[in-house]
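A note on names: the letters A, B, ... follow the listed sequences, proteins ahead of strands, and every chain is numbered from 1.
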2 protein chains.
Amino acid sequence: METTSAINIGIVEDQVLFREGVKAILNNWDNFNVVFESADGHSVIEKLGKTTVLPDVMLVDLSLPPKDRKEFSGLHVTLALAELYPDMKVLILSVHDDENFITELVKHGAHGYLVKDSDPQELHDAIVSVHTLGSYINARTLKAIQSSMGRKVKAKKLLVNISPREEEILRLTCQQLTAEEIAEKLFISVKTVNGHRNNLLIKTGSRNVTGLVIYAIKNDIVSII
Amino acid sequence: METTSAINIGIVEDQVLFREGVKAILNNWDNFNVVFESADGHSVIEKLGKTTVLPDVMLVDLSLPPKDRKEFSGLHVTLALAELYPDMKVLILSVHDDENFITELVKHGAHGYLVKDSDPQELHDAIVSVHTLGSYINARTLKAIQSSMGRKVKAKKLLVNISPREEEILRLTCQQLTAEEIAEKLFISVKTVNGHRNNLLIKTGSRNVTGLVIYAIKNDIVSII
DNA sequence: TTAAAAACAGGTATAAATACCTGTTCCGCA
DNA sequence: TGCGGAACAGGTATTTATACCTGTTTTTAA
């Protein structure tokens, strides 16, 4: 991957030492210009309005401290930046490697995610990647996204054998149809539908429809998208 | 991003010309070795079993033609590889830039996604990135993932106001507890639990628990992971 | 600082789902 | 080729969920 023209970088980070450290590291590379910095999420939008040189890439600390009572975390900064400056790339820096954290951020418009204990080379790659490719997602982040999307590669194998008829009834059940409605649709008796449902309960180890629905979603029998 | 040691690459692609073309391009770079190739999805697993040098990165054509009647597309190859060779990185090559296609693939274990009309440099970057970082997702792919996750975000905003008590009952309902069990757990009457459930049905526009469970999953009130 | 709204608790019928059965048919396999 | 197993269809009680109410308390906003 080649670094083309200079990249303007902004930093939103409350810890002074960390902020200065990152700045020092970034300035070690010729084509990185730190053109913006802010210590808290609240002032970011305000300060950006007064700036002539907008950052291409904004590094945002996830754990920005809420000012007053109102929450305005890295997530909110991300949301606001995505809304106001759609061309700006947001690269999250965080101490968390919690899957949910990562997924939430990416879902809300972050272009990349990096844990804070990454080495300088990783930071460099992430910035370049975010700038040139439009995103930076490493293996850890991808895994988080996949698991939050309900990747079910493993479970596919453990699938109990659901018969075609049972699957059909499961699918219709997930569409909030009652046994009676399913019976009408399939031209069979309500009792038969309930019979199949009971077999499904046993096969999937569920106690009631709730379990069936969750099973169906987990095993990609129905999609909730 | 620096290319470290040599990368062993496999190609699963039915179009001979395209396969040869990619091979020629890859061989132009010193540290890329094409060690495996296959024209269809079916023979991949079989052939891999007989191979001594396993590919680090497998390029998989998404639109592999189904052999006979049985479907065995790039998706199936991806699933099979993820299952059998968890360390192998799967990089999808596709003519489609359909969001659903991309998301499905990533969900099922692909480590990267690249449209076929990308230039050689992009292919190079993708292979290196998949190999060293464990993933390659460019702006287009990220957008697809985000938008497929995005429905959740929208729904979050349109969220009807579920009261804390209702959310609690919804959560327990999703754990396959009956109204009676929930009542015991919360030290309230079964009638009260049912009252809350009814309010939930109305608020979420559901017909029965099935709808509640799907609502809860869609809105991240419960996790199915 | 009160009205209004919403949360919370509970009640009564009724509809639906669940537990537990029987019998037939169809298919793989030894 | 006929045996075992599973799919499919149906039936009977019983349990559980749903529809539709009333009243009290707590929040919200004008």
Practice task
Select base, sugar-phosphate, or nothing to describe what B/Val190 touches, counting heavy atoms under 4.0 Å on all strands.
Solution key: nothing
Handout entry: Sugar-phosphate, base or nothing in reach of A/Asn208, heavy atoms under 4.0 Å
Key = sugar-phosphate
Could you check how far [atom1] of [X] sits from [atom2] of [N], rounded to whole Å?
X        : N      : atom1 : atom2 : result
B/Ile202 : C/dA7  : CD1   : C1'   : 14 Å
A/Ile169 : C/dA17 : CD1   : C1'   : 14 Å
A/Arg207 : C/dA19 : CZ    : P     : 9 Å
A/Leu212 : D/dA17 : CG    : P     : 14 Å
A/Arg165 : C/dC26 : CZ    : P     : 14 Å

Report yes if at least one side-chain N or O of [X] is closer than 4.0 Å to OP1 or OP2 of [N]; otherwise report no.
X        : N      : value
B/Thr178 : D/dT15 : no
B/His196 : C/dA7  : no
B/Asn198 : D/dA19 : yes
B/Lys203 : C/dA7  : yes
A/Ser163 : D/dA6  : no

Handout entry: Evaluation steps, side-chain contact (heavy atoms from CB on, under 4.5 Å), between B/Leu172 and B/Leu186
Key = CA-CA 10 Å; B/Leu172 294 170; B/Leu186 301 182; 4.2 Å; yes
Any salt bridge linking [X] with [Y]? Criterion: basic side-chain nitrogen under 4.0 Å from a carboxylate oxygen.
X        : Y        : answer
B/Lys185 : B/Glu181 : no
A/Glu166 : A/Lys203 : yes
B/Glu168 : B/Arg171 : no

Practice task
For the residue pair A/Asn8 and A/Leu54, establish whether any side-chain heavy-atom pair is separated by less than 4.5 Å.
Solution key: no
Problem - Closest nucleotide among C/dG10, D/dA9, C/dA19 to the B/Thr192 side chain - result: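 Taking heavy atoms from C-beta onward, the closest nucleotide is C/dG10.
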Practice task
Please tell me which of A/Asn199 and A/Lys191 maps to the more 5' nucleotide of DNA chain D, matching each residue to the nucleotide holding its nearest heavy atom.
Solution key: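 The residue whose closest nucleotide sits nearer the 5' end is A/Asn199.
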Handout entry: Given DNA chain C, 5'-ward residue of the pair A/Gly195 and A/Leu177, judged by closest heavy atom
Key =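 That would be A/Leu177.
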